[in-house]
There are 2 protein chains.
Amino acid sequence: MQKDLTLAEQTERKILKYIAEKGFQTGDALPKENELSEILGVSRVVVREALSRLRILGFVETRRKRGTVLTSPNIFYGIKTILTSGTLDKDALKDLYEVRLMLEIGMADFLFMHREERYLAELQKIISEENVTTDSEMLTRLDIRFHSTLYKMSGNKSLFAFQNLLNTLFATFAPRRKDWKVKQIISHESLLEILRSGTPDSFRVAMRLHLNTRFENMHTLFLDKEATPANPS
Amino acid sequence: MQKDLTLAEQTERKILKYIAEKGFQTGDALPKENELSEILGVSRVVVREALSRLRILGFVETRRKRGTVLTSPNIFYGIKTILTSGTLDKDALKDLYEVRLMLEIGMADFLFMHREERYLAELQKIISEENVTTDSEMLTRLDIRFHSTLYKMSGNKSLFAFQNLLNTLFATFAPRRKDWKVKQIISHESLLEILRSGTPDSFRVAMRLHLNTRFENMHTLFLDKEATPANPS
DNA sequence: TCATTCTATTTGTAGTACATAATTTGGAAA
DNA sequence: TTTCCAAATTATGTACTACAAATAGAATGA
């Protein structure tokens, strides 16, 4: 056992263990802070700190008088704080940007697994709106909606949550080039067509081409270690 | 402003804001708890709770006497607690399993970007060891090392950290079929050959085939919602 | 100069008291 | 009896205090 852990951290694990042993389910109420303090043999301050840590991870929620109740842990609950804190360094941002590109290309198989008409219709609707729009900001929003729909279509709820986070992150951080739409090799329309009658492999090839501007954009955003591209005009 | 936030949570954000405003860098020391307590106008208990939350997110580290120092936030720091807590439900596990498959297929471009000889040599070495081994457990370890090396080669440190977590998670959770090695369509050797002289597109196709057993395994692991595969023998 | 001990400082833990909010209870009015 | 409002209850939230533990850095000695 690592003994260099804080008592609060040890208590955090003890509580998790306690939860697992007692077979608590989502929605169940934990013992009150004072009771936990007695059960675990530590002061209430420590119990509170442990609970606070579990809260930030999304394990529990606490409400006055009601007590502490178990919630299903959301993996991205804590990540959100990091992403929105504005303290991420450029390397971490680059990593996230890359991960998103990987996911969009790699999700092809799962898109074809969950290829339901409602999703295809939604994609079609977005494309229709794109075709009658010239406003650049609107086009960006539609682009985000298109890709967001793909994430939804992947059937992976955690992934969808993650993507939503990234959207808010990169919306403020990584502004697009003005000509991003013009330069795209493969259109949303082509992607949809492949979704309808293609294969995961052909979709990956198409998506890679579709994202080509993003790959190039990435270099200008992150690879200039010397320059200071903090606020590109 | 959301006023339903706990003082500790508000303080957590205030501290983040304070860090951002003062331009603190990784490695810098924050003001001491008592000073922060004065600066922010809350008691030290609250400051400590806020710092504890930041600690679990990997924003800061604290050591006795040394004080609180900024560390570069590791996105996966908090996730680790969740993953190792044993409270993840099957849906979340399935999500993670899927994400890993997506990443391995989607990372192709980045592998080719960082195609250095040392990585290729490492992969070659693993393959050589595989060829002289018959022990099934050893082969599994080598398989993990092979894929782990790919993650390293992707040049994405966050991703590498994430993958390490998933390894420990699925090592205990998702045992492999005994015949996983036999059934593989594309060998590690072929993958390496493609890394040397192929393209990202051809690598993706090969990796998809290589992972085919995983895709099939996934169904038996997660899709039996009725059955209880908690402890498969 | 180097090793050792001491000291001052800072985080870690505990106990207590009170504030605050929400649930529950109890009583009064319809 | 039912409805509604108010007070009591109760659990979390905040604050203050005191002391323990650890350790960086100063002081001391060989």
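Excluded from the calculations below are hydrogen atoms, water molecules and symmetry mates; all remaining heavy atoms, backbone and side chain alike, are included. Given the structure is predicted, the values throughout are model-derived calculations rather than measurements. Chain identifiers are assigned alphabetically (A, B, ...) following the order of the sequence lines, protein sequences preceding nucleic acid strands; residue numbering begins at 1 within each chain.
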Close side-chain approach of A/Leu211 and A/His147, heavy atoms under 4.5 Å: yes
Polar atoms only, N or O, under 3.5 Å: list the protein pairs with nucleotides 16-18 of chain C and their distances.
none

Min side-chain heavy-atom separation B/Met218-B/Leu101 under 4.5 Å: yes
Nucleic acid contacts - residues 20-43 of chain B versus DNA chain D, non-hydrogen atoms under 4.0 Å: B/Val42, B/Ser43
Test ring pair (Phe, Tyr, Trp, His ring centres under 6.0 Å) applied to A/Phe110 - qualifying residues, sequence neighbours left out: B/Phe215
Contacts of B/Tyr151 that satisfy ring pair (Phe, Tyr, Trp, His ring centres under 6.0 Å) - sequence neighbours left out: none
B/Asp109 with A/Arg214: basic N within carboxylate O range, under 4.0 Å: no
Phosphate contact (C/dG12 OP1 or OP2) by B/Arg48 side-chain N/O below 4.0 Å: yes
Side chain B/Arg64 and base C/dT10 donor-acceptor under 3.5 Å: no
Close side-chain approach of A/Met153 to A/Glu116, heavy-atom, < 4.5 Å: no
Min side-chain heavy-atom separation A/Met138-A/Glu129 under 4.5 Å: yes
Residues in side chain to side chain contact (heavy atoms under 4.5 Å, CB included) contact with A/Glu122, at least two apart in sequence or another chain: A/Thr149, A/Lys152
C/dT11 phosphate, OP1 or OP2, under 4.0 Å from A/Thr6 side-chain N/O: no
B/Val45 side chain near A/Arg48 side chain, heavy-atom distance below 4.5 Å: no
B/Arg145-B/Asn167 side chain donor-acceptor pair, cut-off 3.5 Å: no
Spacing of A/Gln10 atom CD relative to C/dT13 atom P, expressed in whole Å: 8 Å
Range on DNA chain D touched by chain A, heavy atoms, distance below 4.0 Å: D/dT10 to D/dT14
